[in-house]
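Side chains are part of it too, since the values below use all heavy atoms of this structure and drop only hydrogens, waters and symmetry mates.
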Amino acid sequence: MNYKKLIFSLAVPLLVGGISVLITRNSIEAFESLIKPPFAPPAWIFGPVWTVLYLLMGISLYRVLKEKDSDIQKALILFGVQLFLNFIWSPVFFIFNLRLLAFIIILILIVFVILTAKNFYKVDKLSGLLFIPYIIWLVFASILNLSIYLLNR
């Protein structure tokens, strides 16, 4: 086990998520005042869910980084793109209140996460499968995003 690669792999998504939380932390109160659909989870659930998802991303990234595969470069580029889209969604939704644009971003994010999972799967099957909870959560989050947009126009 390469502990440096493991720490790096876990740190990358956790840092991106942490920075996103720091940037948007003052906007969370405004989120509480929005009209939300009945299926919206309590606000406290988002932190633990995202932490688990970022850890799964990190484990998946580690498993791919330790492989000597020619497909790794494309997989890593896709991983970077999806992580960037993940990062920009929060300020677009929470700070700029552009919820329709945030919905479009999350749909594009879902596409890139699926592409990342597919390419990670080619390198290491478990790495690709570790993206399934993330995809499921993003589909739910996109429905929540659209519902909040429609309820608060």
Side-chain angles (χ1 to χ4, degrees), residues 8-32 34-65 71-153:
F8 171 80
S9 299
L10 293 171
V12 168
L14 287 169
L15 282 172
V16 168
I19 292 168
S20 181
V21 168
L22 286 174
I23 290 171
T24 60
R25 73 180 180 276
N26 294 330
S27 303
I28 302 300
E29 291 173 8
F31 176 74
E32 290 298 323
L34 293 172
I35 301 167
K36 292 179 230 25
F39 62 86
W44 64 265
I45 201 82
F46 291 93
V49 167
W50 277 109
T51 301
V52 169
L53 294 174
Y54 287 133
L55 288 170
L56 290 174
M57 272 188 245
I59 293 165
S60 185
L61 178 61
Y62 170 72
R63 293 181 60 88
V64 166
L65 285 176
D71 287 337
I72 191 171
Q73 190 168 12
K74 181 179 178 185
L76 293 177
I77 290 168
L78 289 167
F79 183 86
V81 171
Q82 70 82 25
L83 201 55
F84 173 76
L85 291 167
N86 179 303
F87 176 78
I88 66 168
W89 181 89
S90 290
V92 169
F93 185 91
F94 290 110
I95 296 173
F96 301 114
N97 298 315
L98 298 171
R99 293 187 180 84
L100 183 57
L101 179 58
F103 177 66
I104 293 166
I105 290 169
I106 204 169
L107 293 179
I108 296 167
L109 172 59
I110 291 168
V111 170
F112 273 91
V113 171
I114 291 169
L115 290 172
T116 303
K118 181 181 170 191
N119 280 269
F120 272 36
Y121 187 86
K122 287 179 188 176
V123 177
D124 175 76
K125 289 184 181 6
L126 180 58
S127 292
L129 295 174
L130 288 173
F131 277 87
I132 292 172
Y134 184 24
I135 294 165
I136 292 168
W137 179 257
L138 287 176
V139 169
F140 170 74
S142 68
I143 295 166
L144 182 59
N145 182 155
L146 179 62
S147 298
I148 291 171
Y149 165 73
L150 292 173
L151 290 169
N152 292 277
R153 285 194 279 174

If I compare all heavy atoms of [X] with all of [Y], which pair ends up nearest, and what's the gap?
X: G128; Y: S60; value: N-OG, 4.4 Å
X: N145; Y: A102; value: OD1-C, 3.3 Å
X: T51; Y: L14; value: O-CD2, 4.3 Å
X: F87; Y: P91; value: O-CD, 3.1 Å
X: K36; Y: L151; value: C-CD1, 3.7 Å
X: Q82; Y: L109; value: O-CD1, 3.1 Å

**Q.** Derivation of the side chain to side chain contact (heavy atoms under 4.5 Å, CB included) call for Y121 and L129
**A.** CA-CA 7 Å; Y121 187 86; L129 295 174; 4.1 Å; yes
Q. Are the aromatic ring centres of Y134 and W137 under 6.0 angstrom apart?
A. no
**Q.** W89 ring center within less than 6.0 Å of F94 ring center
**A.** yes
Q. Distance-only, no hydrogens or angles: does the S147 side chain make a donor-acceptor pair with backbone N or O of I143 under 3.5 Å?
A. yes
Q) Counting distance only, does the side-chain N/O of S142 pair as donor-acceptor with the main-chain N or O of V139 below 3.5 Å? A) yes
Q. Would you say F140 has more than 12 foreign heavy atoms packed within less than 6.0 Å of its CZ?
A. yes
**Q.** Over 12 foreign heavy atoms within 6.0 Å of CD, Q73
**A.** no
Q | Distance, nearest 0.5 Å, that separates CD1 of I72 from CZ of F120 | A | 8.0 Å
Q | CA sep, side-chain torsions, deciding dist, call: N119, L76, side chain to side chain contact (heavy atoms under 4.5 Å, CB included) | A | CA-CA 9 Å; N119 280 269; L76 293 177; over 6 Å; no
Q. Side chains of Y54 and N86: donor-acceptor distance under 3.5 Å anywhere?
A. yes
Q: For residues F8 and L65, determine if any side-chain heavy atom of one lies less than 4.5 Å from a side-chain heavy atom of the other.
A: yes
(Q) Is there a side-chain contact between F46 and V21 in this structure, where contact means two heavy atoms from C-beta onward sitting under 4.5 Å apart? (A) no
